[in-house]
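Since the structure comes first, as structure tokens, the remarks are kept for the end.
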Number of protein chains: 2
Amino acid sequence: MIEHDIFRALADSTRRTIFEKLANGSMNASMLRQGMDISQPAMSQHLAVLRAARLVREQKEGRFVNYEVDPDGLALIAQWLAKYRAYWPARIDALKLLLKDMDQ
Amino acid sequence: MIEHDIFRALADSTRRTIFEKLANGSMNASMLRQGMDISQPAMSQHLAVLRAARLVREQKEGRFVNYEVDPDGLALIAQWLAKYRAYWPARIDALKLLLKDMDQ
DNA sequence: ACAAGACATAAGCATACACTTATGTGATTC
DNA sequence: GAATCACATAAGTGTATGCTTATGTCTTGT
């Protein structure tokens, strides 16, 4: 189940950090490691988990592998969230923000 | 970190099922167990995790404890998701629906 | 061709987690 | 007021998970 993979992938704070980094621009695994105090295999394993969850996708470039955010994963979260829209109170600032951003 | 609690809580399929049940109407723990093949302590522990993540809140009624969806948790997911709005493909129906609902 | 670099995979290990059984707590019923 | 019910908590256990070190694969540079 992809839904399970997504939430499991995001349950780890290191993977959330990696994802956030990629959201600010595509990077290869070595660049991602910079300033993260994480071994090369650990990074590779985290990226594999994020890939399985479709939160990230790879693009091989020679001996480098460029990683970028995969919109599919985010779309699936949005879909999951949309199921519960009946519970979103209109007052919540986060949602207003959301609305504003999507309006343009 | 509440963000961590939320994703960790949703990483478990049993807890997602519980949450989905509650989204269809408030229930106490015993009612939630029906048709779920889960022990009473296990249910209690799952509800504690969902509570810590602010995905669910309790309302004590005598010796019963009624559980309902807590919009705060959902709002926090929406907030998290909003950070990556640049990557949301415009085509996604779930998001369009979302937008429409929030517009009124 | 060979050395080195970028990354993936394998195997082992310590910790986290979801479950179990047992017990505790507070509210209701008889 | 004693038994029962609804639920929480404690303690123990097997499995999942995230890490490590070691090694493999493919590409690039010389």
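Proteins get letters first, then strands, A, B, ... in listed order; numbering begins at 1 in each. Keep in mind that the numbers below use all heavy atoms, side chains included, and drop hydrogens, waters and symmetry copies.
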The side chain of [X] is closest to which nucleotide in this list: [options]?
X: B/Tyr67; options: C/dA10, D/dC7, C/dC7; answer: D/dC7
X: A/Arg63; options: C/dT21, D/dT28, D/dG18; answer: D/dT28
X: A/Ala29; options: C/dA6, C/dC7, D/dA6; answer: C/dC7
X: B/Val65; options: C/dT21, C/dC19, D/dC7; answer: D/dC7

Return the value, rounded to whole Å, for the distance between atom [atom1] of [X] and atom [atom2] of [N].
X: B/Ile38; N: C/dA18; atom1: CD1; atom2: C1'; answer: 9 Å
X: B/Leu32; N: D/dA8; atom1: CG; atom2: P; answer: 11 Å
X: B/Arg33; N: C/dC19; atom1: CZ; atom2: C1'; answer: 13 Å
X: B/Asp5; N: C/dA16; atom1: CG; atom2: C1'; answer: 14 Å
X: B/Asp12; N: D/dT17; atom1: CG; atom2: C1'; answer: 14 Å
X: B/Ile18; N: D/dC7; atom1: CD1; atom2: P; answer: 13 Å
X: A/Met43; N: D/dT21; atom1: CE; atom2: P; answer: 16 Å
X: A/Asp37; N: D/dG18; atom1: CG; atom2: P; answer: 17 Å

When you match B/Gln45 and A/Gln45 each to their closest nucleotide on DNA chain D, which lands nearer the 5' end?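 The answer here is B/Gln45.
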Using heavy atoms to find the nearest nucleotide of DNA chain D for A/Gly62 and A/His46 separately, return the residue whose nucleotide is more 5′. A/His46
Taking atom NZ of B/Lys83 as the centre, does the number of heavy atoms from other residues, nucleotides or ligands within less than 6.0 Å exceed 12? yes
CG/B/Asn24: more than 12 non-hydrogen atoms of other groups inside 6.0 Å: yes
Any side-chain heavy atom of B/Tyr84 sitting closer than 4.5 Å to one from A/Val69? no
Measuring only between side-chain heavy atoms, which start at C-beta, is B/Asn28 closer than 4.5 Å to B/Met31? yes
For D/dG18, take OP1 and OP2 only and decide whether either is under 4.0 Å from a side-chain N or O of A/Arg8.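 For A/Arg8, the contact criterion (side-chain N or O under 4.0 Å from OP1 or OP2 of D/dG18) is met.
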Look at the side-chain N and O atoms of A/Ser39 and state whether any lies under 4.0 Å from the OP1 or OP2 oxygen of D/dT20. yes
Classify the nucleic acid contact of A/Arg51 as base, sugar-phosphate or nothing, counting any heavy atom under 4.0 Å across all strands shown.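 Sugar-phosphate: the residue A/Arg51, judged by heavy atoms under 4.0 Å, touches backbone atoms but no base.
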Across the strands shown, which category fits B/Ser30 at heavy-atom distances under 4.0 angstrom: base, sugar-phosphate, nothing? sugar-phosphate
D/dT27 base to A/Glu61 side chain: any donor-acceptor pair below 3.5 Å?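 No such pair is found, so the answer is no.
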Donor/acceptor link under 3.5 angstrom from A/Gln40 side chain onto base of C/dA8: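 Indeed, a donor on one side and an acceptor on the other fall under 3.5 Å apart.
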Just say parallel, tilted or perpendicular for the rings of B/Phe19 and A/Trp80, cut-offs at 30° and 60°.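 B/Phe19 and A/Trp80: parallel rings.
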